[in-house]
Structures are given as structure tokens and as C-alpha cells.
Amino acid sequence: MGTGGARAGAPLARGVRHDPAVAGDVRFRLGRSLKDLLGERTAKALDKIGLRTEEDILRHYPRRYGDRGRLSDLRSLAVGEHVTVIAQVARTSARRMQNRPGAILTSIITDGTNELTLTFFGKNLGTVKYHEGRLRPGESGMFTGTVSDYRGTRQLTHPDYRTFRDVDDEAAAMESMDWPIPIYPASAEMPSWKVADAVQTVLRPLRLEDVPEPLPAQYRREHGLPGALEAFRSIHLPHSEGEWRRAQDRMRHEEAFVLQTALARRRAAALAEPATARPPRAGGIREAFEARLPFTLTAGQREVGDVVAEELARPVPMQRLLQGEVGSGKTVVALRAMLQVVDAGGQAALLAPTEVLAHQHHRSITGLLGPLAEGGMLGGAEEGTRVVLLTGSMGAAARRKVLAAAASGEAGIVVGTHALLGDVVQLADLGLVVVDEQHRFGVEQRDALRAKARVSPHLLVMTATPIPRTVAMTSFGDLETSTLRELPAGRAGVTTSVVPAGNERWVRRMWERIREEVDGGGRAYVVCPRIDAADDAALVADGDPDDVPADLLDAAAPAGPPLASVEEVTELLRAVPALAGVAVGQMHGRLSGEEKDAAMRAFATGETPVLVSTTVIEVGVDVPDATVMVVLDADRFGLSQLHQLRGRIGRGDRPGVCMAVTAAAPGSPAFARVGAFATTADGFRLAELDLEMRREGDVLGAAQSGRGTSLRLLRVTKDAEIIDAARAAARAVVAADPELAEHTDLAEVLARHVDEETAAYLERA
Ligand code: ADP
Ligand code: MG
């Protein structure tokens, strides 16, 4: 595959003017190590906050900017927080301690209204007096430390500080009087001003030619953006607010532009590979399948189907993302595409993120195909093919058979998990790769599967989570997008309500509700955030860490009662009077592939009509009889995740009931999130709300390609205009200059990103 093509044409050594023997293995500009530039000690402290190279520290942007004239609001400081504040000294006094040897110096600093105490201990008065000389009343400066509480007074013990008078050069101090003060994300070891000093040491000697300029001059002119070096200077040592704002704006454009160029090149490289045209064939398996479909396709399914059919018929690989509301029927669209390829003599592979889903796809595809899936077998249709399943937990003998069927071409459709990516898997003539629920797959895995084809296969990526446009452009910018917005007719829909965990009467009623549904032939999911009581990481272990709401990631320790677990809730349900005699099954990530499949089958058939589960059922599981879902500790899940979960019910003609249980206090953000979920059924709207509530890195997902790390200032939530502009410009650049021969700096920056991605991938693999 030529998708690593960003490497091509990258002038690796250009602009490196440092002796490699001194600077180490420098291939890119700004790649020198901080150890060489700042010395061992400082470099070590910076390493702890993840800064290793010149570029790392230059891109370690201030978190905010302080103002000498405007003191920090000291009232809002929370105990336990590591803070950096700008304040003025009110009074300072030193004394011997009364009950033990040693001396103490306290200095009260103020923002004009509120006060904070600084405390220093020393062997004797002499040692603490040193601070007395520096912390004179009226003096202002920056103070940093961890807020603690001593007898009701908030204080910083042994804070680090720098008064504005400390700046050695008097003239410089006067001049910089009203410059914004950069405040860096800092650690106890590296207070903000030490970071600032280090940044300046690295930045000062840099010359124009030392810094790559990935933005084309014309683009900068059009958007009024400063150059790369100027932007670094203004962002780290601005002379005014306007200056750092302009610099930040430039960096956002740069982030967007570099990413969009990478995506445009990926796309161009994929399209440059020849593909086998797979035109539809009259009288083939696809037509036979359509004739036996038990329902009529929605308008959306037909439209997208036409686009896909047409793209498959071209000798250029299709690169398409199909996104759609939960339950909108993406699988049928994919299946029609797969059958078209089979009709044209090729094979299709369907890659699913979990074993459960792979099993289910295999089951539903063979179900929909009926005798058409029994090609070559007695009683099978003449126009048939075979659908095989490959998962990691399969026995050796079964596995061999499947591999043989795939390699010989006998199997037209191969469904599988990551196991499909293995080296032993060979396909006779892979014409189409369908990736379901893309957000679980990295770009590398997509490529691994595509690499199994002699010529580039067509690609259809399906995502269940409706994604806002800006995210689609950022995460999937190398794909064209189709959207299924409408649900098949006749869906009765789902009613959602919020159940306060403390309201016993409601909770009792909730279990009764399950009983009623089960008695009526329905099935019920009960979703828990954990597997068992000992499992405190289930949110992450069983679900997707990207789906955890930001406030949970930020919280030091989850407060409140322990979260519901599958084990405990199963026990509980077995004792609930309303559910007497109802069989309760279990489902979670620690079960083996076979156990999971058995659990899903027992649930689908009604053997165990109640299934207590973690979020492993979140994605794509289809049991049409499922009518109720209880989500325990619903506030522990992200909005999109809740919507996915809810999508598991109301899939047949009977209305679904979803009950979101939460112990969150009414009025809290967590409660508001659950409330939003209950009142909104539109997945796109929820995805947007989710986006607004999450941290950016989580949205794009580091697993997506490591790209998350290169977006520091760009916000997909807020910067749609920048992303649009950068995308158009990047596509134009790549169209005119595919090898970036005229854009050497851009090529250099891209090559470095590709290098980092590869390194990150190799580390993970
Ligand atoms: P999703 O888009 O969430 O993956 P599925 O493809 O799993 O949705 O489809 C959900 C259910 O809807 C399946 O049971 C499928 O057979 C059914 N379905 C798909 N298309 C239609 C349609 N046009 N009319 C009625 N039911 C449909
Ligand atoms: Mg699906």
C-alpha cells in the first residue's frame, strides 16, 4: 500500500545544521534533545512532564496568561489543587516556634479582597529571614504550590515564588511591566516560570531557517497568520493579548492544515492504487438476495446503495464512510455491496470489533441469505456462496477449514474479528473490506487487512455512533461520507426515563416492568459499569476508554456508593420478588468467546430473558425481541455510549423502554447528562452534546492514529471554520503537488508525524 506515502519526497536531512555526533540522531529540525540544550537536571524535570525535544517544549504552550495588574482570584482555590497565582504581599512575619526548635515565617498574600497564607519553616530565624527580604509588603509576584488547609486557613507550604522585582534586569523588568505573563501547566518540580525560562533558552537562538513553516505563504496571507517562528515567540513571550491570540490562531490553522494534508495524501495514495472494478451482475446472488428480503429498503438505504454500487463498479478503490443512526440498517447496505463483489467473482471481508459482533454478523448474514449462503452444498441455491466466520477463540480444526475456504475463494464472505488481520489469513481475491464500528479500529488495522489483497480492495467503513461533521472531517477526512438518517418504518421507538437510585418505589416498579415485558415475550438488558466488586477499572477495561465522560477522568477518586457490578446485580435480581422464576444470564468482557456467544444465544432464544451485562453489548448487538433496558449508574457513561446502548432495544415492532438509573444529585452535571439522554432520541444531537462535554483528545481517540497528540489548540467543537478552510487548502495543495516537492517544509513536518505514529504503533503492537 502506498498510504505511508507521506514519507516520499520528505527531505529528511534538510535544514539540519547541527553536528549529528553532538545532537544525536537528528533527522528533523527542532529535533534536538533538551538534555543537549538545557543540561541534564532541567531536562530530567521536563522529561517528567513529557517534554524531550526542542519541538516538545516549543509546543508546550502556556495554559493561560496572567496579568501583573490583575491579581488572581484567591477565593476560588480548592484544597489539594496545585496552583499558580499572581498576588500581592500584604504582610510578612517570622518567629521562633514555641514548642519545638526551629522558626516559621508566614507571609499573607492578597488579591485585594481574599487572602492566602504562605508558610516557610526553617532551622532558625536566619534561614527564614531570607524570604522576609524578598516578600516585602506591596511586592507582587507569582506563587506556586499545593493548596492545603491549616485550621481553616488555606495556605501554601514552602511555595515556590518569583516576585516581579526578581527579574534581574531592571530595564527589562520595566519594559515587560504590562506584557501578559505566560502560565504553563507545571509540576511542583517545574514551576511555571522555570518552564518559561527553559522555553526562552530554547527559543532565543532560533533563526527563521531553524523552524519548518508548513503553512503555504498564500494561505498565511489569506488568513492573516504570522510565520512559524514569530508565532512561537508570540505565544511564549507575547507583548500583548492580541499577539498571543494571533499566535494561537496560527497554531490552530497549522494543526488543522497538517492533519488535513496527511488525510488528503492518504486519500490520494489510496485512490492512486488500481482496483478491480466489480460491476453489478444481472441474475446474480445480489438480485436473488434482494428478492428474498423480508422488508423494503428505506429511501436512504437505496440511495447510499446506489452510490456504493456505482463506486464498486469503478477501477478505483472506493473509500467510503457510512455513518448512521443506531438501527438505521447499515448491515443490509454493506451486505448488498458484498454480494455485488461476490457476483463479480471477488470476496468480501467484514471486520468486526468484538467476537460477539462477529458472531452476530455471521448469524444475521447467513440468516438473511438463507439457502443463498449454502453455495456448493446440497440443497444450496445455485447462485450461492459461503459465509465463514473467523475468530481468535476458534479451535484449530475449525480454523483450518475456514482458512482453506478463504484461501480457495470458496467462501465469498469472510466475517471475523482482529483474527482476520493475522498473517496466516489468505484470501483468494479480496475485493471489498467492510469495517464495522470503525472507532474501535486503528488506521493501521484497516491497512493490514487491505494489504491482503493483491490489488487494492474497495473499502466501506461503518460507524454506529453518528459523528458530528467536524469530527468526521478530522478523524475520517480521507473518506467520503454517506449518512443514513432515517430509521426503517414500523419501529415503535424507545421511551426513556430517569430513575433516581434512592427512590425505592420507582426501583421496585422498574423490576416489575421487566417482569411484564418478559411475560409478554420480551427480553431485558440490565447494564452495569463493572464486572464485579473488585473490578474498579471496568469502565475502561470493558468499554472504550474514549467513552468515559471527562468529569470521570478528571476526578481523583470516584465519590459516592460503589458502582453496580454484573456479579452483584445478578445476585440481587435473583432475589427480587417481581422476578421470581425468571432466568438471569451474564455477559461481560472476561467471558471467553464461546461463553459470550452462548450467553447471547440463550438471551436471544429466551432461555435467559434477562441479561446482566457490561457495555460489551453496546455496539451493534441485534436481538429484535429485546424491549427493556435498565442502565445502572447511567451517569458513569458517555452520552454517545448511552445512545448506543439504548439502540439495542426497540429494534423489533414492539416499543422499547429504557430506564436510566442514577444516584447523581439533581442539578449536578452528571444528572443533567442523564436528563439530556432521556429527552433526546437524535443520535447526532447527542453526539454533539457529548462532544461539548468531553475533552478533545478523547473525542478523536489516541488509538485512532496517535493524531490526538498533535492537536493541542485545535478544537473540533469550536473550530469548524478553520477545519473547513484548512481542508480545502490542503486538498488543493495535494492535488497540485502530490509529492509535496514544492512544499518541502510541509513534507518534513508530515514525515515527522508519520514517524511518530509508526513509533507509537510499534510500541502498542
Ligand atoms: P445498524 O445500522 O444499527 O447497524 P442494523 O443493520 O443492525 O442497524 O439493522 C437493525 C435492524 O433493522 C436489523 O434487524 C435489520 O434486519 C433491520 N432492518 C434493516 N433495514 C430494514 C428496513 N429497510 N426495514 C425494516 N427493517 C430493517
Ligand atoms: Mg450495526
Side-chain angles (χ1 to χ4, degrees), residues 286 289-306 308 320-339 348 350-354 356-370 372-373 387 413 415 434-441 460-467 481-494 522-523 525 600 603-605 615 617-627 629 640-656 658 681-684 686-687:
R286 173 170 158 165
F289 162 72
E290 281 159 8
R292 46 169 285 137
L293 256 186
F295 44 73
T296 48
L297 297 173
T298 63
Q301 283 172 320
R302 262 198 318 273
E303 270 161 42
V304 177
D306 289 347
V308 170
R320 188 157 288 278
L321 171 71
L322 171 56
Q323 62 164 337
E325 184 59 272
V326 179
S328 57
K330 294 182 286 291
T331 315
V332 176
V333 174
L335 184 52
R336 289 175 74 214
M338 292 193 266
L339 295 176
L350 170 57
L351 196 51
T354 64
V356 171
L357 211 52
H359 274 279
Q360 181 193 292
H361 274 310
H362 180 252
R363 232 187 341 260
S364 66
I365 287 175
T366 45
L368 283 165
L369 287 175
L372 293 172
V387 184
I413 296 178
V415 180
V434 180
V435 180
D436 193 15
E437 322 296 357
Q438 151 76 20
H439 66 291
R440 304 281 167 114
F441 279 107
L460 181 65
V461 173
M462 302 194 286
T463 159
T465 316
I467 40 185
T481 305
S482 296
T483 304
L484 287 179
R485 283 184 182 274
E486 99 204 87
L487 297 183
R491 293 277 168 79
V494 178
R523 314 266 186 282
Y525 292 105
M600 281 320 293
F603 180 62
T605 59
T615 54
I617 53 134
E618 164 200 347
V619 164
V621 169
D622 190 20
V623 176
D625 286 327
T627 49
M629 174 172 289
S640 289
Q641 195 178 18
L642 286 172
H643 186 59
Q644 279 297 311
L645 284 167
R646 174 167 59 186
R648 303 306 115 220
I649 57 170
R651 295 173 81 82
D653 45 14
R654 277 186 295 182
C658 179
D682 179 345
F684 284 90
L686 283 171

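Both ligands and their constituent atoms are indexed starting at 1 by order of listing. What you are looking at is a predicted structure, and each value in this text was computed from that prediction instead of being measured.
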- Note on the structure: So the atoms of ligand 1 within less than 4.0 Å of a heavy atom of Thr331 turn out to be 4 (O), 5 (P), 6 (O), 7 (O)
- Between Arg523 and Ala604, is there a donor-acceptor pair closer than 3.5 Å when you use the side chain of the first and the backbone of the second? yes
- Any idea which atoms of ligand 1 are less than 4.0 Å away from a heavy-atom of Thr298? 23 (N)
- Just heavy atoms, cut-off under 4.0 Å: does Thr296 contact ligand 1 by side chain, backbone, both, or neither? backbone
- Task: Run the numbers on Val332 and Leu293 for side chain to side chain contact (heavy atoms under 4.5 Å, CB included), then give the verdict.
- Result: CA-CA 10 Å; Val332 176; Leu293 256 186; 4.3 Å; yes
- Message: Just verifying a value: how many Å separate Arg292 CZ and Leu368 CG, rounded to the nearest 0.5 Å?
- Response: 7.5 Å
- Note on the structure: In ligand 1, the atoms that come under 4.0 Å of a heavy atom of Leu297 are 23 (N)
- Task: Answer yes or no for Asp436: is there a heavy-atom contact with ligand 1 below 4.0 Å?
- Result: no
- Message: What's the separation between atom OG1 in Thr331 and atom CD in Gln360, rounded to the nearest 0.5 Å?
- Response: 7.5 Å
- Starting at CZ of Arg485, measure out to CG of Asp682 and round the result to the nearest 0.5 Å. 7.5 Å
- Task: Would you kindly specify which portion of Gln301 sits under 4.0 Å from ligand 1, judged on non-hydrogen atoms: side chain, backbone, both or neither?
- Result: side chain
- Task: Consider every N or O of Gly329 and every N or O of ligand 1, then say whether any pair is closer than 3.5 Å.
- Result: yes
- Message: Would Ser328 count as a contact residue for ligand 1, given that I'm defining contact as a non-hydrogen atom of the residue lying under 4.0 Å from a ligand atom?
- Response: yes
- Query: Rounded to the nearest 0.5 Å, how far does NE2 of His359 lie from CE of Met600?
  - Reply: 11.5 Å
